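Note that this is a predicted model, so its numbers are computed, not measured. Below, all heavy atoms of this structure are taken into account, side chains as well, without hydrogens, waters or symmetry copies.
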Amino acid sequence: MEKFVNLKNIAEVKIGLFLGRKKQNQNDKKGFEYDVVSLQSFFDEKGIFDGSITNKIILCEELDKKQCEKFLVKKGDILIRTRNPVTAVLVDKNYKKLIFSDLFIRVRNLNRYNPKLLVEYFNTCSEQEYGSCKRTTVNSVAKFKIPNLSLDEQKEIIKSMKKYDSKNKKLQEQILKNNELKKNILRELKDSDYKLCSSC
């Protein structure tokens with residue numbers, strides 16, 4: 001078994017809709033409104049798509065069934081920015097009339113691969129792979145090499161990742177708690193009877 005496989009060998013990799021050809025002309029009275037994926041919706045530490053940040057667009061014609069299949073975003077899709085920073089997010093729920101433009105590449109129908117694991121792996125390696133590029137292409141992403149892992153191997157890796165995520169969450173909570181204690185010390189300076197607690 002090969003150690004690595006190209007992304008195109010385990011998934012469908014497609015570029016988004018070229019909106020310039022579909023935007024409503026100012027002279028047209030009728031148009032069809034859609035939400036469009038925004039570049040700002042990619043900055044989530046957990047690699048999850050932020051559906052609260054979208055753009056509106058009016059198209060001169062309604063997308064037909066075939067175009068909807070090609071360009072509407074679905075739950076389980078992975079979206080990748082073509083512009084630097086080239087990062088990926090997982091779409092974790094369904095959205096109505098949300099399309100992705102040519103600023104993004106969609107990865108869909110993963111073959112025996114956990115999408116959350118793939119997103120984290122891609123984002124970990126993307127800086128090394130695309131850091132010097134202002135913009136990447138669908139062909140480049142299609143050739144992106146990923147470890148050829150069995151389902152059992154993926155489960156073990158995900159289990160380890162969850163363990164570290166849990167540790168990180170506890171550390172973050174402790175940091176917030178420590179920062180609040182630090183602020184309390186500074187607030188109490190206004191008290192003339194303030195004494196430093198030896199147990200702090």
Side-chain angles (χ1 to χ4, degrees), residues 5-127 129-131 133-146:
V5 293
N6 291 335
L7 189 55
K8 65 181 179 180
N9 296 134
I10 65 160
E12 174 190 271
V13 185
K14 296 285 185 184
I15 191 72
L17 177 66
F18 290 89
L19 295 178
R21 303 173 187 173
K22 297 283 185 180
K23 283 184 180 179
Q24 180 190 31
N25 190 301
Q26 289 183 348
N27 297 324
D28 293 338
K29 295 181 180 179
K30 186 179 179 182
F32 301 87
E33 185 176 86
Y34 290 86
D35 289 323
V36 184
V37 174
S38 167
L39 288 169
Q40 283 70 43
S41 58
F42 274 64
F43 299 101
D44 180 275
E45 292 180 1
K46 296 179 180 179
I48 302 297
F49 173 70
D50 185 353
S52 67
I53 307 174
T54 59
N55 298 323
K56 297 283 185 185
I57 191 169
I58 306 295
L59 300 184
C60 59
E61 59 184 37
E62 190 172 16
L63 298 182
D64 59 31
K65 187 175 180 180
K66 187 176 180 180
Q67 291 171 321
C68 285
E69 183 63 26
K70 284 180 68 176
F71 301 119
L72 284 180
V73 174
K74 294 181 181 179
K75 181 179 179 180
D77 286 348
I78 293 173
L79 298 175
I80 299 172
R81 287 171 52 110
T82 59
R83 292 181 179 178
N84 211 306
V86 180
T87 54
V89 289
L90 174 64
V91 180
D92 65 339
K93 59 183 179 182
N94 287 314
Y95 295 90
K96 188 177 180 181
K97 284 193 170 184
L98 176 64
I99 62 177
F100 70 108
S101 72
D102 59 313
L103 295 176
F104 309 96
I105 294 165
R106 186 194 64 206
V107 177
R108 177 181 282 180
N109 300 330
L110 298 178
N111 180 19
R112 67 164 187 81
Y113 221 96
N114 183 290
K116 185 70 169 64
L117 175 58
L118 185 56
V119 165
E120 296 221 28
Y121 179 80
F122 184 91
N123 287 339
T124 299
C125 301
S126 61
E127 176 64 27
E129 189 79 16
Y130 306 108
C133 304
K134 289 185 178 180
R135 185 165 183 165
T136 191
T137 65
V138 67
N139 289 332
S140 176
V141 171
K143 294 176 183 177
F144 183 82
K145 293 187 180 297
I146 62 169

Any donor-acceptor N/O pair, Asn94 side chain to Lys75 backbone, under 3.5 Å: yes
Flag, side chain of Asn123 to backbone of Thr87, donor-acceptor distance under 3.5 Å: no
Aromatic plane relationship, Tyr121 with Phe144 - under 30° parallel, 30 to 60° tilted, over 60° perpendicular: perpendicular
Asp50 and Val89, any side-chain heavy atoms less than 4.5 Å apart: no
Under 3.5 Å: donor-acceptor pair, side chain of Ser101, backbone of Leu19: no
Asn6 (side chain) donor-acceptor with Ala142 (main chain) under 3.5 angstrom: no
Crowding at CZ, Arg108 (>12 non-hydrogen neighbours, <6.0 Å): yes
Over 12 non-hydrogen atoms of neighbours within 6.0 angstrom of CD in Glu12: yes
Atom pair CD1/CD1 of Ile146 and Ile10 - distance to nearest 0.5 Å: 3.0 Å
Note: Lys116-Glu120 ion pair, threshold 4.0 Å (strictly below): yes
Audit row: Phe49, Leu98, side-chain contact (heavy atoms from CB on, under 4.5 Å) steps and yes/no: CA-CA 12 Å; Phe49 173 70; Leu98 176 64; 3.8 Å; yes
SB check Lys74 Glu69 (cutoff 4.0 Å): yes
Whether Asp64 side chain and Lys66 backbone form a donor-acceptor pair below 3.5 Å: yes
SB check Lys56 Asp35 (cutoff 4.0 Å): yes
Atom pair CZ/NZ of Phe100 and Lys70 - distance to nearest 0.5 Å: 9.0 Å
Validation row: Leu39, Phe104 side chains within 4.5 angstrom (heavy atoms): yes
Heavy-atom donor-acceptor pair, Tyr113 side chain to Ala11 backbone, under 3.5 Å: no
Backbone of Ser38 reached by a side-chain donor or acceptor of Ser41 within 3.5 Å: yes
Derivation of the side-chain contact (heavy atoms from CB on, under 4.5 Å) call for Phe122 and Val86: CA-CA 9 Å; Phe122 184 91; Val86 180; 4.0 Å; yes
